[in-house]
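Residues: numbered from 1 along the sequence shown.
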Amino acid sequence: MKIGSDRDVGTRGCGMKFRVERDVLADAVTWTARTLPTRPPAPVLAGVRLEADASGTIGLSSFDYEVSARSEIPAEVSEPGTVLVSGRLLAEISRALPAKPVDVVLEGNKVTVTCGASRFTLLTMPVDEYPALPAMPELSGTVSGDELTNAVAQVTVAASRDDTLPLLTGVRVEIEGEKITLLATDRYRLALRELTWTPVTPSYSAVALVRARTLNDVAKSLGGSGLVNIGLNTGAGVDLIGFEAGGRHTTSQLVDGDYPAVRRLFPDETPIHAVVPTAPLIDAAKRVSLVAERNTPIRLSFTDGQVVLDAGQGDDAQASEALEAVLVGEDISVAFNPQFLLDGLGALGTDFVRLSFTHPNKPVEFTGQDSLDGEDSSHYRYLLVPIRFAG
């Protein structure tokens, strides 16, 4: 059946008519359409469903069989009804409209969007072919939006972008009582972050594997809303996680499979450690890595009182820079992928970084410190595998 056919109009029944503020509409459509697939398996999955309710709310929803998004906004509804239109096109149009009230009217198989002197007409999609959205899982607990945003950003830097390894594109979420632990690895680095939340029951316990891309998107888009409600549904048909804040809901299917036992990779003891101011180390690493050819490392050589960063060798361009550092233990040199090093340093969010070593060729643990001689924080840990430095 072609989109916008006569049968489609018949299944929809009456028309639809509402007026809404431009900024409210643009914000809601952009948020709801943000996860739409670029190559949807079915044409209707490129759509955003608009449902005008007589009570004066517009419900917007999108779904690609894995991730769903729903939001509600206030509007003056003259005629209730439901319609499905291209989500990306509606988002682009709504953002481009002048700052005036927007009138949306369904006429036959077309939707007219009028704002001031601007007028757009969109073809509708068959709303009866649109899949039913999954229900939001029951509330499991609430977490601070700001802390969730920060924690997710720190951990997802280590998640794999390789879709041929779907397990490693996820973030393992471990919940025990009031503590949530987030873990992610791409086999070259590992990030762990602990945070607290308020579970519905004090003894709540669960484990879930959530796509890093989805978790990152949710944390960024809902994190500024104060408290975020989280619901987990596991072991009962489709395993889902749901997030809700500020009248917006997102659900996502969990990744299926057994995540590798990565916690054991963190060393029990580290006989050598160094402490370096974080911001100067980031700046120096960026400068020195300018001469590092693709896939070549930069080396950090620690001696008493300083660390020397260098890259490039032989007839190639070379760079080196020395920084003050505190070293406890023997002199040590390690080499890292420059981007992986910068990702870890950038995620710390502390004035000083502590690098803990067991051996030049063994993974190095990065933790944050607020002062040069203070205690390191165990809330965030970043483990990075060094590269053997030629020569």
Side-chain angles (χ1 to χ4, degrees), residues 153-165 168-169 184-192 212 216 262 265-267 270 272-327 329-369 380-391:
Q154 287 181 309
V155 170
T156 51
V157 294
S160 176
R161 277 74 166 165
D162 185 356
D163 288 328
T164 63
L165 300 167
L168 300 188
T169 63
T185 184
D186 61 2
R187 298 182 300 168
Y188 306 104
R189 60 253 181 93
L190 165 62
L192 177 152
N216 211 10
V262 292
L265 298 175
F266 286 105
T270 50
I272 305 169
H273 76 261
V275 180
V276 190
T278 310
L281 182 56
I282 290 173
D283 292 341
K286 285 179 179 177
R287 285 190 288 268
V288 171
S289 64
L290 292 174
V291 302
E293 298 291 332
R294 182 175 171 80
N295 297 325
T296 61
I298 64 173
R299 180 164 54 189
L300 283 71
S301 301
F302 293 89
T303 54
D304 187 29
Q306 73 168 11
V307 55
V308 176
L309 293 79
D310 66 86
Q313 54 189 325
D315 296 329
D316 298 328
Q318 299 176 39
S320 69
E321 187 165 340
L323 294 173
E324 286 187 16
V326 171
L327 177 67
E330 297 177 3
D331 294 358
I332 191 166
S333 292
V334 288
F336 296 119
N337 172 301
Q339 191 55 55
F340 291 177
L341 171 64
L342 288 168
D343 286 345
L345 294 174
L348 283 170
T350 52
D351 291 338
F352 295 87
V353 55
R354 177 179 178 136
L355 296 86
S356 301
F357 309 92
T358 54
H359 184 274
N361 295 327
K362 296 282 178 130
V364 178
E365 183 177 354
F366 293 66
T367 49
Q369 289 187 191
Y380 179 64
R381 304 164 75 184
Y382 183 82
L383 197 67
L384 181 56
V385 176
I387 298 172
R388 291 184 183 274
F389 199 91

- prompt: If you round to the nearest 0.5 Å, how far is CG of L383 from NZ of K362?
  reply: 11.5 Å
task: Would you please test V353 and V276 for side chain to side chain contact (heavy atoms under 4.5 Å, CB included) and show each step?
output: CA-CA 5 Å; V353 55; V276 190; 4.2 Å; yes
field: N361 CG to I387 CD1 distance, which is reported to the nearest 0.5 Å
entry: 11.5 Å
message: Within the structure provided, determine whether F340 and V385 are in side-chain contact (heavy-atom separation under 4.5 Å).
response: no
- prompt: Under 4.5 Å between any side-chain heavy atoms of S289 and L309, yes or no?
  reply: no
message: How about CD on E330, more than 12 heavy atoms from neighbouring residues, nucleotides or ligands closer than 6.0 Å, or not?
response: no
task: Of all the heavy-atom pairs spanning F266 and R381, show the shortest one and how long it is.
output: CB-NH2, 3.4 Å
query: What is the distance from atom CG of L190 to atom CD of E365, rounded to the nearest 0.5 Å?
result: 9.0 Å
Residue pair A284 / L323: nearest heavy atoms and the distance that separates them: CB-CD1, 3.9 Å
- request: Could you tell me the separation between the CD atom of Q154 and the CG atom of L192, rounded to the nearest 0.5 Å?
  value: 10.5 Å
- request: Indicate yes or no: at least one non-hydrogen side-chain atom of V334 is less than 4.5 angstrom from one of L355.
  value: no
- request: Rounded to the nearest 0.5 Å, what's the gap from OG1 on T156 to CZ on R161? Could you check?
  value: 7.0 Å
- prompt: So, the side chain of D186 versus the backbone of R189: is there a donor-acceptor pair under 3.5 Å, distance only?
  reply: yes
query: Are side-chain heavy atoms of L327 and I272 found at a separation under 4.5 Å?
result: yes
- prompt: Which value, rounded to the nearest 0.5 Å, describes the distance between D343 atom CG and F336 atom CZ?
  reply: 13.0 Å
No-hydrogen, no-angle side-chain donor-acceptor test under 3.5 Å, D162 and T164: yes
- prompt: What is the minimum heavy-atom distance between A322 and Q306, and which atoms define it?
  reply: CB-OE1, 3.8 Å
- request: Using modelled atom types only, decide if a donor and an acceptor are shared between the side chain of T303 and the backbone of D331 within a distance under 3.5 Å.
  value: no
Any side-chain heavy-atom pair of T367 and Q369 under 4.5 Å: no
- request: Quick one: list whatever passes ring-ring contact (aromatic ring centres under 6.0 Å, His included) with Y382, sequence neighbours left out.
  value: F366
message: Would you say that L165 contacts R187 through its side chain, given a criterion of any heavy-atom pair below 4.5 Å between the two side chains?
response: yes
message: Minimum heavy-atom separation for P297 and A292, please, with both atom names.
response: O-CB, 4.4 Å
query: What closest approach, in Å, do L341 and A285 show between heavy atoms, and which atom pair accounts for it?
result: CD2-CB, 4.2 Å
message: Within the structure provided, determine whether D310 and Q318 are in side-chain contact (heavy-atom separation under 4.5 Å).
response: no
message: Test your reading of the model: is there a side-chain donor-acceptor pair from T278 to the backbone of T350, 3.5 Å cut-off?
response: yes
- line: Between P338 and I298 the two heavy atoms that sit nearest each other are CG-CG2, 4.0 Å
